[in-house]
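Report on the following structure.
Values reported hereafter were calculated over all heavy atoms of this structure, with side chains retained and with hydrogens, waters and symmetry mates removed. Below, read A as the first sequence line, B as the second, and so on, with proteins coming before strands; counting in each chain starts at 1. Note that the structure is a prediction, hence the values are computed from the model and not measured.
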2 protein chains.
Amino acid sequence: MSRTVGSSGPKTLAAIREAGLQLIYKDGYEAMSLRQLATRVGLQPGSLYNHIANKQDLLFDLIHNHMVALLARIEIDLQGIEDPLEALKAFTAFHLTYHIERKREVFIGSAELRSLTPKNRKIIVGLRRKYEDRLCDILERGVARKQFALEDIRVSAYAILAMLTGICTWYNPKGPMDRDTLIRVHTGLVLDGVTPSR
Amino acid sequence: MSRTVGSSGPKTLAAIREAGLQLIYKDGYEAMSLRQLATRVGLQPGSLYNHIANKQDLLFDLIHNHMVALLARIEIDLQGIEDPLEALKAFTAFHLTYHIERKREVFIGSAELRSLTPKNRKIIVGLRRKYEDRLCDILERGVARKQFALEDIRVSAYAILAMLTGICTWYNPKGPMDRDTLIRVHTGLVLDGVTPSR
DNA sequence: CAATTAAATGAACGTATGTTTGTTTTTATA
DNA sequence: TATAAAAACAAACATACGTTCATTTAATTG
């Protein structure tokens, strides 16, 4: 046999990406074999190379796509919001929504940083930094206006991000808690931790 | 050659554990080969099996030891503290201290859960749950006494744990921030997020 | 519709992996 | 001090991995 009936490049690539996402999320990059991946897509192992350069490139593409989408969408959600408090609320809501919607990408994006080539890792870390900076900006402006009281901007930003991101490791959309409640509870935690009320 | 001069069982096992900790922390469980491990300890690959049952067992032992130590030490630090606010402060300080001191064990303990056999994973998840419950107890008692105001105990506990644990992924003890400052900043964040002041 | 490109196949390559075995020598035990 | 146990070695096993290659056939293009 050879080229199969109905085969189309873009469709196969999309299937490879989706299967890769599933397998890396479940087992990790190192634990996923290309034979496993090929089987799930319905291909022979070698056929993968018609669509990806190699295993490492697949991982990088998945993470890179995710980071670019993340940065694009936070810009949209923050556009036009001047007040730091409102911006922080918007940031929290966006971050939680995105991390629930794209749970797997987010998880892989941090858990598999170590599996990236140094060169590839550098690129991704740079993009992550841009996202962190977006939150730091908000906190800084809030402190400047005396709306927030924070001893160390970057440490606070990391703490907030860690808290919000940590949620995606346990949140189950089919569980008892719906998305809005989740957002409300965590927005409360973030705002209380930031306001100079006490 | 054969048995080498000065060789002793317990010492070699300790060396294997330490090297395993280093390698798994740096590269991940799947990425670490037993040949790499043996080289670092100064052994032939096969000799490892005089001390460990197999690769999976080494991972489980490392994580299990860590969890048992964690549970033992939190009990000591919370002993005799009645006031929920004080208990929460003590919990935060302990958690941060332990997670800085035993950064590698903590990281492996959550990042490599997926690499455990289902049976082994069940045991570890059970121990983690016990630790989470310790924090839930404190929060619950605080809410009962109206010292804390929280909508959902377990979600709040997860949020706090995520925030505090996230720190160990970026904290550098040789960086500009010392341990006490770190604890002070984060205790502030946790307490503000929990108190009914607003 | 002919020519070219794209996408699959099956087989193989070289290498690395976790683990087992038989043997040897040192350490511990009785 | 004789004997048993422990801890190392060297060599090998079976298997799995990522990747390449020549080939075939379907889809696309001029």
Rounded distance (Å) that lies between atom P of dA16(C) and atom CG of Asp27(B): 16 Å
Quick check: do Arg184(B) and Thr187(B) have side-chain heavy atoms less than 4.5 Å from each other? no
How long is the line joining CD of Gln36(A) and P of dT15(D), in whole Å? 18 Å
If we only count heavy atoms from C-beta on, is the Tyr98(B) to His66(B) side-chain gap below 4.5 Å? yes
Would you say the side-chain atoms of His95(B) pair up with the backbone N or O of Phe91(B), donor to acceptor, closer than 3.5 Å? no
Would Lys55(B) pass as a cation-pi partner of Tyr29(B), given that its NZ or CZ must be under 6.0 Å from the six-membered ring centre and within 45 degrees of the axis? yes
Check whether any side-chain nitrogen or oxygen of Ser2(B) sits under 4.0 Å from OP1 or OP2 of dA7(D), and answer yes or no. no
Taking the side chain as every heavy atom from C-beta outward, state whether Leu96(B) and Arg179(B) have any pair of such atoms under 4.5 Å apart. no
Using whole Å, what does the distance between atom P of nucleotide dT27(C) and atom NZ of Lys11(B) come to? 11 Å
Looking at Ser33(A), I'd like to know whether one of its side-chain N or O atoms comes within less than 4.0 Å of OP1 or OP2 on dC17(D). yes
By nearest atom, which of the nucleotides dG18(D), dG18(C), dT25(D) is closest to the Leu34(B) side chain? dG18(C)
Are the side chain of Lys103(A) and the backbone of Tyr171(A) linked by a donor-acceptor contact shorter than 3.5 Å? yes
Working to the nearest 0.5 angstrom, can you tell me the gap between Leu139(A) CG and Gln147(A) CD? 11.5 Å
Select one nucleotide: of dC17(D), dA8(C), dT24(C), the one nearest the side-chain heavy atoms of Leu43(A). dA8(C)
Please list, by residue number, the residues of residues 46-65 of chain B whose heavy atoms come closer than 4.0 Å to an atom of DNA chain D; answer none if no residue qualifies. Ser47(B), Asn50(B), His51(B)
Length of the line joining Met32(B):CE and dA16(C):C1', which is rounded to integer Å: 15 Å
OP1 or OP2 of dA7(D) under 4.0 Å from side-chain N/O of Thr12(B): no
So, OP1 or OP2 of dA10(D): does either fall under 4.0 Å of a side-chain N or O from Gln44(B)? yes
Arg35(B), nearest nucleotide to its side chain (from dT25(C), dA12(D), dA8(C)): dA12(D)
Taking OH from Tyr29(B) and C1' from dG18(C), how many angstroms apart are they, rounded to a whole number? 9 Å
